[in-house]
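No experiment lies behind these values; they were computed from the predicted model shown.
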Amino acid sequence: MGVDRGILDSHSLGYQLRLPAAQIDVFAFRDVMGEVREFCEAGEYQSASTRLDEALAMWRGAALADVTSLRMRARAETLDRERVAAWEQRARIDVRLGRHDEAIARLERLVADDPLREDLYVGLMHAYYDAGRQADALAVFHQAKRTLMDEIGILPGRRLRDTMQAVLDQSLQLAA
């Protein structure tokens with residue numbers, strides 16, 4: 001078969017592939033995201049941006065898209081949340097680097113794909129605010145409020161409300 005005996009094990013329920021963590025894409029992705037966080041904490045946003053591009057290049061779409069197992073679909077949802085979080089981080093770094101148009105476009109796509117995630121609206125408000133577009137930042141809050149009320153009957157959470165108030169007070173601070 002051409003597979004080393006120590007890599008592929010057979011069991012009563014099937015096969016198990018044994019690889020070092022560094023050769024498994026999800027672990028490699030998480031390692032790079034750890035480096036991105038360290039660069040951000042150090043204020044090294046250009047280095048964070050470069051590493052983040054490498055992490056995002058590891059993705060080719062939704063996790064485990066062709067897998068039908070319910071157990072694995074739950075795993076896939078977790079992985080997809082990590083992928084979206086990486087795109088959110090990409091937008092925050094873009095704002096830090098003054099790439100407001102890219103951040104806004106990216107966050108608008110993310111909001112369109114997942115309109116019930118309040119953190120995406122918060123990020124979009126930050127991007128608009130930092131770009132000097134306070135009215136647009138406030139419009140995002142109202143869009144979020146309408147969507148949340150219409151879709152699931154709830155008001156925006158504390159973080160979204162606090163972000164709106166900070167925009168009104170002109171005191172919004174950037175998150176890394």
Side-chain angles (χ1 to χ4, degrees), residues 22 24-65 75-148 151 155-176:
I24 299 173
D25 54 2
V26 68
F27 297 126
F29 170 78
R30 288 173 179 162
D31 286 346
V32 174
M33 289 306 297
E35 291 177 31
V36 168
R37 278 187 291 284
E38 289 173 10
F39 281 128
C40 287
E41 288 169 4
E44 298 176 28
Y45 297 106
Q46 188 56 56
S47 296
S49 178
T50 300
R51 290 299 282 156
L52 187 53
D53 286 342
E54 294 169 21
L56 290 168
M58 294 179 191
W59 289 91
R60 292 185 269 307
L64 307 171
R75 267 308 231 201
E77 289 174 18
T78 299
L79 294 172
D80 282 333
R81 281 193 297 274
E82 289 183 47
R83 178 179 52 85
V84 171
W87 282 109
E88 287 179 76
Q89 182 70 10
R90 161 88 277 153
R92 284 191 297 274
I93 290 170
D94 283 346
V95 169
R96 287 286 187 170
L97 294 172
R99 301 174 189 155
H100 300 102
D101 292 340
E102 294 94 333
I104 290 166
R106 188 168 285 118
L107 286 161
E108 286 176 341
R109 283 191 302 274
L110 290 170
V111 165
D113 289 343
D114 195 352
L116 301 179
R117 286 202 51 207
E118 290 188 41
D119 286 346
L120 296 174
Y121 291 106
V122 169
L124 186 53
M125 290 175 72
H126 275 272
Y128 274 127
Y129 181 83
D130 195 60
R133 297 169 59 182
Q134 183 177 2
D136 289 326
L138 293 172
V140 168
F141 173 82
H142 294 294
Q143 172 194 354
K145 183 178 176 183
R146 274 191 311 279
T147 300
L148 293 168
E151 296 294 323
L155 291 170
R158 171 155 311 282
R159 186 163 179 238
L160 192 51
R161 291 190 320 266
D162 289 349
T163 302
M164 189 267 302
Q165 190 60 52
V167 170
L168 288 171
D169 296 342
Q170 297 184 0
S171 64
L172 189 61
Q173 300 296 313
L174 289 178

OG1 (T147) and NE2 (H142) are apart, to the nearest 0.5 Å, by 12.5 Å
Closest heavy-atom pair, M58 versus D25, reported as atoms and distance to 0.1 Å, is SD-O, 4.2 Å
Minimal heavy-atom distance between A48 and C40, with the atoms involved, is CB-SG, 3.8 Å
Applying side-chain contact (heavy atoms from CB on, under 4.5 Å) to E82 and not counting sequence neighbours gives F29, R30, T78, L79
When rounded to the nearest 0.5 Å, the distance separating CH2 of W59 from CG of D80 is 6.0 Å
Heavy atoms, side chains only, cut-off 4.5 Å: are D94 and H100 in contact?
no
P115 and Y121 have their tightest heavy-atom pair at O-OH, 2.8 Å
Separation between OH (Y128) and CZ (R133), nearest 0.5 Å, reads 4.5 Å
Nearest heavy-atom contact between L120 and L110 is CD1-O, 3.5 Å
- Might you work through the side chain to side chain contact (heavy atoms under 4.5 Å, CB included) test for Q143 and V111, ending with a clear yes or no? CA-CA 10 Å; Q143 172 194 354; V111 165; 4.0 Å; yes
Polar side chain donor-acceptor pair, R92 to Q89, under 3.5 angstrom: yes
* Within the distance-only criterion (no hydrogens, no angle test), does the side chain of Y129 pair as donor or acceptor with the backbone N or O of Q170 below 3.5 angstrom? -> yes
In this structure, CE of M125 is separated from CD of Q134 (nearest 0.5 Å) by 9.5 Å
One should read off an interatomic distance between E88 CD and R106 CZ, to the nearest 0.5 angstrom, of 12.0 Å
>> Contact between L160 and K145 at the side-chain level, heavy atoms closer than 4.5 Å - yes or no?
In response: no
Shortest non-hydrogen pair, A55 vs M33, comes out as CB-SD, 3.9 Å
Tested for side-chain contact (heavy atoms from CB on, under 4.5 Å) against T163, the lone hit among L168, V122, V140 is V122
Check your understanding: Within the distance-only criterion (no hydrogens, no angle test), does the side chain of E118 pair as donor or acceptor with the backbone N or O of G157 below 3.5 angstrom?
Key -> yes
Practice problem: Let me see the working for V84 and D114 under side chain to side chain contact (heavy atoms under 4.5 Å, CB included), right down to the final yes or no. | Solution: CA-CA 10 Å; V84 171; D114 195 352; 5.7 Å; no
Would you call D162 and R159 a salt bridge, using N to O less than 4.0 angstrom? no
Review point. After noting the C-alpha distance and the side-chain angles of H126 and V95, does the key distance pass the side chain to side chain contact (heavy atoms under 4.5 Å, CB included) rule?
Key: CA-CA 8 Å; H126 275 272; V95 169; 5.8 Å; no
- Task: Look at R109 together with D113 and state whether they make a salt bridge at an N to O cut-off of under 4.0 Å.
- Result: no
* Asked: Is the shortest heavy-atom distance from the side chain of R117 to the side chain of R81 under 4.5 Å?
  -> no
Output for pair (R161 CZ, F141 CZ), nearest 0.5 Å, gives 7.5 Å
All heavy atoms of L97 vs all of S49, minimum pair found to be CD1-CB, 3.9 Å
